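Please read the structure below before turning to the comments.
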Amino acid sequence: MMHGSPNKSRDFISFTVAEDSGTYNNSKGKRKQSCWRMWKRLSRLQQRIVLLMLALCTVLGVYVLPNLLHGDHPPSDADRAALNRIHRIEDQAAAEFKNKAKEHLENIKKRPNKRGPPSIKQYPQEGVAGDAVNPPAAADKKVGPNDKLLKVHPRLRIAREQEEEEMREHERVQGVDQEEKLKAEPLLPADDEEAEDWGQEVGAAAGALEDNQNNDDQAGVVVHEEENVIAPNVVHDDIEAPNPAPNQEQPAYGPQNEKQRAVVDAFQHAWKAYRLHAWGHDELKPISKSYSEWFTLGLTLIDSLDTIYIMGLEKEFQEARDWVANEMDVKPSKDVNLFETTIRVLGGLLSTYHLSGDPIFLDKAKILGDSLLPCFNTGSKVPYSDVNLKTGKAHPPRWGPDSSVSEVSTIQVEFRDLSFTTNDPKYKNAADAVMRHLHTLPKENGLVPIFINANSGQFRKHSTITMGARGDSYYEYLLKQWLQTGKTEKQFLDDYLAAVNGMQDKLIRKSGPNQLTFVGELLSGNKFSPKMDHLVCFLPGALALGYMNGLDSSHLDLARELMHTCYQMYAQMPTFLSPEISHFNMLPGGNEDIIVKPADAHNLLRPETVESLFYLHRITGDKVYRDWGWQIFQAFEKHTKIATGGYSSISNVKSVEKPSFRDKMESFFLGETLKYFFLLFSDDPNLLPLNKYVFNTEAHPLPIRTNIPSPQW
């Protein structure tokens, strides 16, 4: 082996000849010797170039090659940070989506079922379907790199170029419905077994939502995709009812002609003012734009529910329904009148349940019914007139020891219906006990005094006998209890017929000079008075209803005569509105049939005349009753309508110039008066047909039952 001089670099070739075998030795040791000698031969510039190339190769190998090959090398700090950021975004979105899905499931559980039209938008009214599947954060702002879910394999690092490409793709499909994206474009690759746990929470929430929607579809829930409205079309089967509301051809709710539209406009004018100035309170004061409280039960709202429903006012019904569900306190610490609370609130809740099928109304009705039952805890079975709904303490009225006969005998239709609907007999038993007791008491030709003592259970001697205030609805409910159970309880019919005969004998008279038939009173039980309350104008409708159900034609004849008189109580007034009380002339030579005293000249927006016009028109088909009703409706519009909202009772029906507003809109104006106007002007015989429904004294329709066994008295 030759070595060059150390002072002068010379080129040379090194080789070794094996002494033993004579073959070439290419061992690693021999190559090291050759490479080292070659390295030593390189100049410093050449060595630096080689080192730089090796460094570049190392950098490329560390930072580029693994990304290109998708190798399994451990991620760098930068990559870990990128992955952590992405996972945080994904976890946040998954949690938000899970909460929305849970909220949607709770709303679905609360969703009511109902029978038939109108297609009321079910709660919650806005945004449920959209919000339940669309995370709101991505909807209203421009998408940025920290705001999006990326399809990421958990074991791969994401290069900057891949991340940007994914974000651009996500922006492109942002307009696609999120629910469809969950189905068509899953967040996890479907064929990647290692990614199963990555989207567990999101998948569980989406799966639960889809399962619940599928269950709703199987139960008969119709989803209107174009409106995001979920409208149940089935009846809850968890409410036991021995004889549910009758099945009949569904009517067309909502106005069908110009007169009905005018009535709906009037209702909305009144409702708007109530909503603005008295929402959730008992009654509106339209002049002062405030409210009055009586029982703190939202009387106007509850009284109006079924009116709203049959008028097809979907938005108003939904809002009122939500108040009942979320804000109504059925057991306030307040003394309430048993009669008024039963006919307005209990009757209104039950009627709306039967029409809508929404169980929230029945739930509230049961609580209220239970709170009213302490009134019946008397030795005589005649209930006390008042009770504190919270404490259950019942007592007679503050003004004296006696209750009104009409009050203790005009709660039965509602309490009986509550028992029929809940399959709990306690309500019916309490109410029937009152009627059994009244049935045994002595009467004057079937007529009863207007006062009764709850402790002794006896009528007050020498009290007035009248078909008007404090006596009227006793007679009305005799007929309607007979009808309510399919004419099976004959004792009610017997008492009703005896009362009609006694009325014809003792109370019916003719006025002069025009021979108007009217119903007077017996003062102290024996002295006739030609005084007739507007309340008596329920009687023509009741008589016609009896005739429709097989009673003698003389009942219809008397109904027609009294209907004409009630109309004249309006037509003979300058405002074309009836006074609260009329006195009829019975002296020869008089010029007027109807005399109105100053203290009786007020009009409270009462419904009784319109109620009877509805019955007479529905039963006879005579258009004159509809014409009379339209005249009366126009008079209400002209003299009681407040321009800024609502309607007000007036103090003087004899003065067109100064009717003097009393600043009160009674709840029954919406619950009864406008409802009967709407029904009067209807051409649809299937709109609450009289052979399927019985109206309580507050105009709340309740179903007639045909398979209830008759109790033995």
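For the numbers below, each heavy atom of this structure counts, side chains included, while hydrogens, waters and symmetry mates do not. Since the model is a prediction, treat every value here as computed from it, not as a measurement.
- Between Phe415 and Phe376, the two ring planes are perpendicular [angle over 60°; tilted spans 30° to 60°].
- In this structure, the side chains of Met467 and Leu539 come closer than 4.5 Å at one or more pairs of heavy atoms.
- Side-chain atoms of Asn526 do not come within 3.5 Å of backbone N or O of Leu522 as any donor-acceptor pair.
- Taking all atoms of both residues into account, the shortest heavy-atom contact from Ile465 to Glu444 is CD1-CB, 3.9 Å.
- Side chain of Gln260 to main chain of Phe678: a donor-acceptor pair is present (N/O by atom type, distance under 3.5 Å, no hydrogens or angles).
- Using modelled atom types, no side-chain atom of Ser404 and backbone atom of Ser406 make a donor-acceptor pair closer than 3.5 Å.
- A distance of 13.5 Å separates CZ of Arg321 from CD1 of Ile308, quoted to the nearest 0.5 Å.
- In this structure a side-chain-to-backbone donor-acceptor pair under 3.5 Å is missing from Asn453 to Gln458.
- Pairing each heavy atom of Lys331 with each of Lys390, the nearest pair is O-CB, 3.7 Å.
- Expressed to the nearest 0.5 Å, how far CG of Leu562 lies from CE of Met503 amounts to 6.5 Å.
- For the atom pair Lys623 NZ and Thr620 OG1, the distance stands at 12.0 Å (nearest 0.5 Å).
- The backbone N or O of Ala699 lies less than 3.5 Å from a partner atom in the side chain of Lys675, making a donor-acceptor pair.
- Side chain of Ser380 to main chain of Ala454: a donor-acceptor pair is present (N/O by atom type, distance under 3.5 Å, no hydrogens or angles).
- No hydrogens or angles considered: nothing links the side chains of Ser403 and Glu407 as a donor-acceptor pair under 3.5 Å.
- Taking the six-membered ring for Trp and the full ring otherwise, the centers of Tyr309 and Tyr253 sit less than 6.0 Å from each other.
- Between Tyr676 and Tyr615, the ring-plane angle classifies as tilted under the 30° and 60° cut-offs.
- Within the cation-pi definition used here (under 6.0 Å to the ring centroid, within 45° of the axis), Lys490 does not qualify as a partner of Trp482.
- Looking only at distances, no side-chain donor or acceptor of Thr342 sits under 3.5 Å from a matching main-chain atom of Ile411.
- Aromatic ring pairs are classed by plane angle as parallel below 30°, tilted from 30° to 60° and perpendicular above 60°; the pair Phe518 and Phe528 is tilted.
- Looking at Phe492 and Leu479, their side chains never come closer than 4.5 Å, going by heavy atoms from C-beta outward.
- Put simply, the side chain of Asp495 never gets that close to the backbone of Gly446: no donor and acceptor are under 3.5 Å apart.
- The aromatic ring centroids of Trp628 and Tyr570 lie 6.0 Å or more from each other.
- Side-chain contact of Tyr477 with Gln484: a donor-acceptor pair under 3.5 Å is absent, judged by distance alone.
- The backbone N or O of Ile343 sits less than 3.5 Å from a side-chain atom of Asn696, completing a donor-acceptor pair.
- Atoms CG and CG, on Asp358 and Asp363 in that order, are 8.5 Å from each other to the nearest 0.5 Å.
- Atom CG of Leu438 is separated from atom CE of Met435 by 5.5 Å, given to the nearest 0.5 angstrom.
- Contact of the His555 side chain with the Val500 side chain is registered, since non-hydrogen atoms from C-beta on lie closer than 4.5 Å.
- Counting heavy atoms from C-beta on, the side chains of Lys393 and Val387 never come closer than 4.5 Å.
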Practice task
Decide yes or no on salt bridge (Lys or Arg N to Asp or Glu O under 4.0 Å) for Lys334 and Asp386, but give the supporting numbers first.
Solution key: CA-CA 10 Å; Lys334 182 80 174 179; Asp386 296 88; over 6 Å; no
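- Here the side chain of Ser419 pairs a donor or acceptor atom with the backbone of Lys428 at under 3.5 angstrom.
- Looking at every heavy atom in both residues, Leu604 comes nearest to Phe668 through O-CE1, 3.2 Å.
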